[in-house]
There are 2 protein chains.
Amino acid sequence: MARDDDAGQGRSLADAPQVVLNGGLRCASCPLADCEGLKQPAPELLQWISAFRQGEARFLRGDLVFSQGTRPRHLYTILSGVLMRTRLLEDGRRQIINFMFPGDFIGLQAALDGEMTHTVEALTGAVLCMFNRERFFDLAAQQPQLSFDLTWMAAHEEAALEEHIVSLGQRNARERMTALAVFLVQRGMESGVASDGLLPLTVTQGQIADMLGLSLVHTNRTIQALRRMGLVDWTLTGIRVPDLEAARSFAKIDQSPNSLRPYI
Amino acid sequence: MARDDDAGQGRSLADAPQVVLNGGLRCASCPLADCEGLKQPAPELLQWISAFRQGEARFLRGDLVFSQGTRPRHLYTILSGVLMRTRLLEDGRRQIINFMFPGDFIGLQAALDGEMTHTVEALTGAVLCMFNRERFFDLAAQQPQLSFDLTWMAAHEEAALEEHIVSLGQRNARERMTALAVFLVQRGMESGVASDGLLPLTVTQGQIADMLGLSLVHTNRTIQALRRMGLVDWTLTGIRVPDLEAARSFAKIDQSPNSLRPYI
DNA sequence: CGTCTTTTTGAACGTTCTCAAGGGATGTGG
DNA sequence: CCACATCCCTTGAGAACGTTCAAAAAGACG
């Protein structure tokens, strides 16, 4: 309802991202190792991962990591940066499905099915850890803990989408936007990207509109309303939620007890 | 927006469902073995499953299999029947997340996290195959194929929710309802529950409203509109979509190539 | 036959959308 | 340094879609 075009301001898939074959950071110095919100892999699993990883890929804001309908050759773990998953209807309407933070695994669905049902676009500069898609599951079969973690991640992504469905189905514009802001800030804090109720992240109002299923105009008015109410201050440069508890109660979010998130 | 109460017309969780310990059908005569839409487990996996299963549980329409906020002791595979997953907000608003058909696995998220984030309710009489939650993952670790199937199922459920998010975010009432009808009929045909564009299934308009995030009144008017248009004929006793292709094109659904669904 | 649930209808109201236009910031080329 | 283009945000006003309240009709069930 909001989008005219937009997607693809950055380099498209055709322009290869900057790839560093195994020369980049090794797992021993993985930036995710310091992240508090993450469950660190056991030494032997780490070793396996280390042997399997192919290198890193760097993307700029606006770059597409995957494109809906294509068959990707790689799987990725986000080392740094924030990305989003979007889905296009034939007539150009666009829906943002979810956002992805450091530690998240990208491409699981494609790895199983072959063809992407959505597009993944970088919202900030991003560094991803590359894996080969072909051999992934054969090798995963030898690592029960890894299979378990994969299942865990898929199940939790599902839970996040559930929450999102509740938002779209039952909440009005203000509640919806508040719920999204709280979700993002919280998720950012778990990933060490946000702190103190502030997540520095460039999201345009057009993108917010596509995430919430609202028109651009109404999105703008809702942002202003929440700002006046002191609940959420969302600007081009970041999201601030001064009182998370107040925001949660306003949007009727029930705080889910979050266990430690594994990563690969 | 629609619900007053409703949930729990049947027996609640307190009233135990009818449970048949291993006396019921054995895997050798599993009703799912004949289902065309399902990928049959390999013999050795089947044997493992057979040893692990605890029996069957039978539920009536309206019975709750799981209740939001509780810690279930069992996991289930649906042998027959149709169920739905719903989520309640504090203030009583309810959102139906998805429907579940024979072959679907129930309780994965709870198995990982302990606490249910949603309720599962039987829409028809249902027979479920019971597994013990505690030992499930220990044993699954010994069956790589099983781990893979679990990941597959979680990833695909995620894809279904994605589609649902697109509906809620981007489609208007008519498109939304058409998309849901097509999804259900198609899913029913894969499970052998529906045929010829007709799915016999008792869903009240109140439930449809909660699934689509619409008010009861508007749901009713939308049903009538779609009936007049000859696209979807949805009554208390079933859903009929005379021309699936026309309906798909109206709702802008891109036919996803569906691979065979595994089950446990 | 009476009760309960579900569907249907009317009418007023409110949220959200669309159309239309203007303004601020940033960047590029002349 | 200015002119122009682009992107994003902002505002106004009317229309459309969807909600709420209220009540009645139609089925389902014992």
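Below, chain A is the first sequence line, B the second, and so on; all start at residue 1. Just so it is clear, the model here is predicted, and its values are computed rather than measured.
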Response to the item:
To the nearest 0.5 Å, atom CG of A/L244 lies from atom CG of A/D196 at 9.5 Å

Worksheet item: Say you draw a straight line from CD of B/E175 to CD1 of B/I253; how long is it, rounded to the nearest 0.5 Å?
Response: 9.5 Å

Worksheet item: Between B/Y76 and B/F66, is the ring centre distance below 6.0 Å?
Response: yes

Discussion item. Just to verify, what does B/L236 make a side chain to side chain contact (heavy atoms under 4.5 Å, CB included) with, not counting sequence neighbours?
Written reply: B/T202, B/T204

Worksheet item: What integer distance in Å separates B/D210:CG from C/dT6:C1'?
Response: 14 Å

Worksheet item: To the nearest 0.5 Å, how far apart are SG in A/C129 and CD1 in A/I106?
Response: 11.0 Å

Fill in: D/dC9 phosphate, OP1 or OP2, under 4.0 Å from A/Q224 side-chain N/O
no

Practice prompt. Whole angstrom is fine here: how far is it from CG in A/N220 over to C1' in D/dT11?
Written response: 8 Å

Item to complete: Return the set of residues passing side-chain hydrogen bond (donor to acceptor under 3.5 Å, both in side chains) with B/D91 (not counting sequence neighbours), or none when no residue passes.
Response: B/R93

Item to complete: Using heavy atoms and a sub-4.0 Å distance, could you list which residues of residues 227-240 of chain B are near DNA chain C? By number, please.
Response: B/R227, B/L236

Between protein and nucleic acid, restricted to nucleotides 12-16 of chain C and to nitrogen or oxygen atoms under 3.5 Å apart, what atom pairs and distances do you find?
unit_1	atom_1	unit_2	atom_2	d
C/dT16	OP1	A/A173	N	3.1
C/dT16	OP2	A/H218	NE2	3.1
C/dT16	O5'	A/H218	NE2	3.3

Discussion item. For a 4.5 angstrom cut-off between non-hydrogen side-chain atoms, does B/T77 reach B/D104?
Written reply: no

Worksheet item: Looking at five pairs on each end of the helix from C/dC1-D/dG30 to C/dG22-D/dC9, what is the angle between the two axes, given to 10 degrees?
Response: 50°

Practice prompt. Take atom CD1 of B/I223 and atom C1' of C/dT9, then tell me their distance rounded to the nearest Å.
Written response: 15 Å

Discussion item. Quick check for you: among C/dG10, C/dT7, D/dC9, whose closest atom lies nearest to any side-chain atom of B/V217?
Written reply: C/dG10

Worksheet item: If you measure from CD1 on B/I165 to NE2 on A/H164, what distance do you get to the nearest 0.5 Å?
Response: 5.5 Å

Discussion item. How many whole angstroms separate atom CG of B/L212 from atom C1' of D/dT19?
Written reply: 15 Å

Worksheet item: Which residues pass the ring pair (Phe, Tyr, Trp, His ring centres under 6.0 Å) test with B/F105, sequence neighbours left out?
Response: B/F136

Practice prompt. Show the numbers, then the answer: is there a side-chain hydrogen bond (donor to acceptor under 3.5 Å, both in side chains) between A/E157 and A/N98?
Written response: CA-CA 9 Å; A/E157 178 65 13; A/N98 210 351; 2.9 Å; yes

Worksheet, complete the sentence: The single option from B/Q205, B/M177, B/R227 that satisfies side chain to side chain contact (heavy atoms under 4.5 Å, CB included) with B/T222 is B/M177

Worksheet item: Would you say a side-chain N or O of B/Q205 is under 4.0 Å from OP1 or OP2 of C/dT5?
Response: no

Worksheet item: Rounded to whole angstrom units, what separation is found between the CG atom of A/L226 and the C1' atom of D/dT10?
Response: 16 Å

Worksheet item: Rounded to the nearest Å, what distance is computed from the CG atom of residue B/L216 to the P atom of nucleotide D/dT20?
Response: 11 Å

